[in-house]
Every structure is written in C-alpha cells, then in structure tokens.
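To start, the structure itself, in structure tokens.
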Number of protein chains: 2
Amino acid sequence: MSPGNIPQYRQLYETLRRHIVDGLYREGDLLPSENELCKLHGLTRPTVRKSLDLLAHEGFIKRHQGLGSVVHKLPKGIGILSISGTTTAIGKENLETRTIIRPGLSPWPDDFPFSLSDNEREAGCMHFTRLRLVNGKPVIYDISYIPNINLPRFSARNLNNKSLFNILRAAYRIEVKGGEQYIKAINAPDPEICRILDIKHDTPVLHLQRRIDTSRLNFYIYSILYCNTSDHSLYGIF
Amino acid sequence: MSPGNIPQYRQLYETLRRHIVDGLYREGDLLPSENELCKLHGLTRPTVRKSLDLLAHEGFIKRHQGLGSVVHKLPKGIGILSISGTTTAIGKENLETRTIIRPGLSPWPDDFPFSLSDNEREAGCMHFTRLRLVNGKPVIYDISYIPNINLPRFSARNLNNKSLFNILRAAYRIEVKGGEQYIKAINAPDPEICRILDIKHDTPVLHLQRRIDTSRLNFYIYSILYCNTSDHSLYGIF
DNA sequence: CAGTGGTCTAGACCACGGT
DNA sequence: CCGTGGTCTAGACCACTGC
C-alpha cells in the first residue's frame, strides 16, 4: 500500500501548498472542508487534518471553527526565519545563489558560537560560504559549517543555485528537521563582508547564528548569516 | 466529562512543559515513552502525541524514532520570536515591564506598516507602549496598536508586569494564536527611542513589525518593536 | 438549523534505534 | 529482538459560524 515512502499527509500538503502559491486559491478563499478533502483524496480526517496543520503552521492558511480554512496572504519578505531554506518567499525567479568559498576542510573557528560535542570536534568541519542575491543585489552572506562525518565527496558538489538541503537529502538521505537561531542587529563587522554585501562600513545588518537539526542523530549543521535588510525584511511566522 | 474546557492534550503539554523548565527533566533526558504517558494520564496515543507535537514545535523536546523524546537545552536568548509573549526564556525573575504610554484612543498612524480593513480603520485604535527591561536594563521598546472593537474599559487596565495576552484571555476571552513578523536591522531611528532604550544615536537595533492573530475572527493586534540586542540576542526556533 | 473545525477514542501496521 | 516514535483508519461528540 505504500505510495513510495512519502506519507499521504505530506503529499496532500504539497498539493494544497502548490495550489496556494500558484494562485489557484487566493487570499481569503476557503479551502475545501476537511470532509470534502477526505472524499476527494480518499483519506480519513486525522490524515487530512495533519496536512492542514502543516499548512497552518507555515502560515499558508488560518483555520476558523465553524467557518473553514482561509487562505492567507503570501508574505512579502524573505522567508529565511522558517524552514526550507531561503527560497520560500519572493519567488524563485529573483533569487540567486553564488558560492564564494568552495567546500573544504578546515578547523573549527576558535570563537564558534555553539558548543560542540567531542565527536564534532574530532571530525573537523567542512566550511563554505554562499551569497544570496535578490534581483542581482547581494542580500545574505551565509557562512556554513558542517561536521565532517560520513559525507563522502561532499566538497566536489556544486552548490550554485541548488539548495544545500536538497543535496543532503538526495545524496546522503539527511532530512533537515528544524533548528534554533540567535538574532542580533550589528554594524557590518569587517571590510570583507562589507565588500561582499556591497555596503558601507557602518551599515546595520542582521546577524544570525543557527544550529540546524537533521534526521541523523546528533548531526547538526551550523550557519552564520549576515543580512542586509535595507531593501528586504526577513519574514517569519510564530 | 469536560474537565473545565481546557483540552486534555493542552493540560498534558502544560504539565510536561513545567517539568522541563523547572528542571525535573534535564537536557538530554528522555521523556516517558508515548505509551507510558498514555497509561500515566489515561489518554490515548493521538492525544498524547498532540501534546508532544506542541512541545517539539516550541523547541522543548526533540523526537527520534526508535529512541524517544529527548529534552532540549533551554535557550539563552529572549524568546520573543515565538509565541507566549516575551516571557518564555531568560527566567521571569530578570524580566520587568513598564508602561511608558498608557492605553488611549488615537488615530491609526499614517505610515502604518500593515494594510487595515475598513472595519479596523473606522473603529480607531487603542495605542500604548511598554518597555521591557532585563536585569534593570532596557532592551525592548514595544509600541502596540489594537483596534478599538468591543474592548470595554481596556484603557483602565494596568499592564505592568502582566502579559497583555493574559488580560485579553481573562477579560475578553480572546486567545492569541500566532502571527507574522517582518524583521530588519536599522540604526536607532529617533532621539526619543534612543533615550528610552538608553543607547547612542547610531546604535544598530532590531526592528520588528508584527501582526498577531487571535481567536476572534478578523481581530488582529499590531506591534512594532525596537530591540537593543547588544547584550541579549533574540532567540527563535524554526 | 446544517456545516465547519476542535477534540478524542481504540485500535492497526510500519521504520528505526539500541541491545 | 523489543520498544520507540511515525503513519493511518473509522468512527464519535462537541463548539462555533453563518444562515
């Protein structure tokens, strides 16, 4: 009975999500009722509800008892505060990713903002940086650190315009599950980063430190981001 | 059979949550298994799982198939990016709230960052501001706007050291359900805010624009925040 | 009132981790 | 191998919205 290992609630979620972002449902529209979705897709209500839970959790719909599931306005900022990488909002067309420093082995930085396990320390880390551009303008500089554990040939892979998360899933069957982040406002720290982001020395930027959970036990991805938010706010739901 | 209108999954969630923040379970500990929790509390597994979904969603636990529910390290920043007000992290002892501008009616600002419905425009808005201090130092300046719809005697209420959300629930039976936010880094905008946050003119601060959903249909709370993050990062999960 | 989402039960089978 | 969480079924009753 297994339809290819992807759970049914996930499939329904993807379908509805695509319909929303493609504009088939518009802001304020009602989704079909839960019972209708059950009949349409041959599922039971708990399964359908799980799909809707996901959509509501990510801000695509809002549910009202007695009324239905209302489609939410799509956000206008960069959806980096949620999961699924940066790509959620804005529309992929405008988003570009360039690798600045290609993946390579390096020691962990001395001032690393997260505490590391002994395993992680011993393994050393893969280090690489990427620049995200919106409409050709640099917006986010992303410095990534990945423990060098069981990732054969990782450094040979091309990260341009591909989601790091997709590579991890396809090549190593590692699913990203969420994470935690610390956010600050700072003045652009060093001349190198100012040059990369094309900003002046005293420009305020967002500074994010993230630890990203994966489906592999005790395997985390670390990321430090500098964001020029003068033209694009970051967007999140809570 | 109704135990006072609070759902059972919510009660179990609150219980487990309290046990975690009180230190009864510590970082890395395993929670009782789902089946054990069923027996302990006389619930079925879907109900227990809903409690654990909530805990996982808010970052208190992380679940691993085949292993169990692992208690997560408690965050060190200010948990303002999630729900439940600002109070989640840091420990209540250090957090203080002062009302700067008491609630009063005022017109909506001209440059309001969210689009307002006709209903909201006509109703006018309650406006007030609060300052959040950590260890006696100002950290967050919160400017709130609430549509003046069916909120009798709101301006008479004292907001000091009480959660706005608690007042809404207790006095008006309005539950806060989530929301969306736009985040930027800016230089402290005007002398008034610099004075209130006790910072210099060119200090970078976090700027948050939030629209908060409630259980009342088409009733939103709006909030603009300025955060001095030089000593305390904001913390969030995703 | 009918229809909606919110809560809950009592089972089932599967994939995965640790032993 | 056993116990864990992940998925799913087929029902039930309730609270709320709109008419």
Side-chain angles (χ1 to χ4, degrees), chain A residues 1-14 16 28-57 61-72 150 173-175 177-178 213-219, chain B residues 1-14 16 28-57 60-72 173-175 177-178 213-219:
Chain A
M1 271 308 168
S2 155
N5 231 348
I6 297 176
Q8 311 188 55
Y9 77 86
R10 186 89 204 170
Q11 295 182 38
L12 176 54
Y13 158 81
E14 301 283 358
L16 294 173
D29 284 358
L30 282 174
L31 249 45
S33 78
E34 298 182 354
N35 283 319
E36 282 173 333
L37 288 172
C38 291
K39 289 171 200 157
L40 284 170
H41 297 87
L43 303 170
T44 54
R45 235 183 100 203
T47 306
V48 167
R49 279 182 64 74
K50 185 141 188 173
S51 309
L52 298 176
D53 284 346
L54 266 183
L55 287 170
H57 178 64
I61 63 170
K62 201 182 152 191
R63 290 144 109 191
H64 290 284
Q65 196 171 147
L67 178 58
S69 298
V70 184
V71 174
H72 194 280
N150 275 339
R173 294 209 288 172
I174 295 176
E175 296 280 345
K177 290 176 78 175
D213 300 329
T214 72
S215 55
R216 192 187 282 185
L217 206 48
N218 294 321
F219 181 77
Chain B
M1 270 307 169
S2 155
N5 231 349
I6 297 175
Q8 310 187 54
Y9 76 86
R10 187 89 204 167
Q11 295 181 37
L12 177 55
Y13 159 80
E14 299 285 357
L16 294 173
D29 285 358
L30 283 174
L31 248 46
S33 79
E34 299 183 353
N35 283 318
E36 283 173 333
L37 288 172
C38 290
K39 289 171 199 156
L40 283 171
H41 298 86
L43 303 170
T44 54
R45 206 151 78 96
T47 306
V48 166
R49 277 181 67 73
K50 184 141 188 174
S51 309
L52 298 177
D53 284 345
L54 267 182
L55 287 170
H57 179 64
F60 290 102
I61 63 171
K62 201 181 151 191
R63 290 144 108 189
H64 289 285
Q65 197 172 142
L67 178 60
S69 297
V70 185
V71 175
H72 194 279
R173 294 208 288 171
I174 295 176
E175 297 280 345
K177 290 176 79 174
D213 300 329
T214 71
S215 55
R216 192 187 282 186
L217 205 48
N218 294 321
F219 182 77

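Just so you know, these numbers come straight off a predicted model, no measurement behind them. Throughout, a chain's letter reflects where its sequence line sits, starting with A, and its residues are numbered from 1.
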Report yes or no: does B:S51 contribute a side-chain atom to a donor-acceptor pair with the main-chain N or O of B:Y9 at less than 3.5 Å?
->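 Such a contact is found between B:S51 side chain and B:Y9 backbone.
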Test: A:K50 and B:D53 ion pair at under 4.0 Å |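 Result for this pair is no, no salt bridge flagged.
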Between B:K39 and B:E34, is the closest basic N to carboxylate O distance under 4.0 Å?
->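 Judged by the 4.0 Å cut-off on N to carboxylate O distance, B:E34 and B:K39 do not form a salt bridge.
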Write down the distance between [atom1] ([X]) and [atom2] ([N]), rounded to a whole number of angstrom.
| X | N | atom1 | atom2 | value |
| --- | --- | --- | --- | --- |
| B:K39 | C:dA10 | NZ | C1' | 15 Å |
| B:D53 | C:dC8 | CG | P | 13 Å |
| A:E36 | C:dA2 | CD | P | 17 Å |
| B:K50 | D:dG5 | NZ | P | 19 Å |
| B:H64 | C:dG17 | NE2 | C1' | 11 Å |
| B:N35 | C:dC13 | CG | P | 15 Å |
| A:K177 | D:dG5 | NZ | P | 12 Å |
| B:I61 | D:dT4 | CD1 | P | 15 Å |

B:H72 and B:I61, any side-chain heavy atoms less than 4.5 Å apart =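 No. Closest side-chain heavy atoms not under 4.5 Å.
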Report yes if the side chains of A:H41 and A:E36 come closer than 4.5 Å at any heavy-atom pair, otherwise no.
->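 Counting from C-beta outward, A:H41 and A:E36 never come under 4.5 Å.
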Between [options], which nucleotide has the shortest distance from any of its atoms to the side chain of [X]?
| X | options | value |
| --- | --- | --- |
| B:Q65 | C:dA15, C:dT4, D:dA10 | C:dA15 |
| A:E34 | C:dG18, C:dT9, C:dG6 | C:dG6 |
| A:P7 | D:dT7, D:dT9, D:dG18 | D:dT7 |

If you take atom types as modelled and just measure distance, does the side chain of B:R45 reach the base of D:dG6 with a donor-acceptor pair under 3.5 Å?
->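 Such a pair is found, so the answer is yes.
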On DNA chain D, nearest-nucleotide positions of B:L217 versus A:L43: which is more 5'?
->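 Residue closer to the 5' terminus by nearest nucleotide: A:L43.
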B:L31 vs A:T47, nearer the 5' end of DNA chain D by closest nucleotide |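 Checking each residue's closest nucleotide, the 5'-ward one belongs to B:L31.
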Give a yes/no answer on whether the side chain of [X] brings an N or O atom under 4.0 Å of OP1 or OP2 in [N].
| X | N | value |
| --- | --- | --- |
| B:S33 | D:dT4 | yes |
| A:Q8 | D:dT7 | no |
| A:R49 | C:dG5 | no |
| B:S69 | D:dG5 | yes |
| B:Y9 | C:dT7 | yes |

Residue mapping more 5' on DNA chain C - nearest nucleotide basis, A:G66 or A:R63 =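 Checking each residue's closest nucleotide, the 5'-ward one belongs to A:G66.
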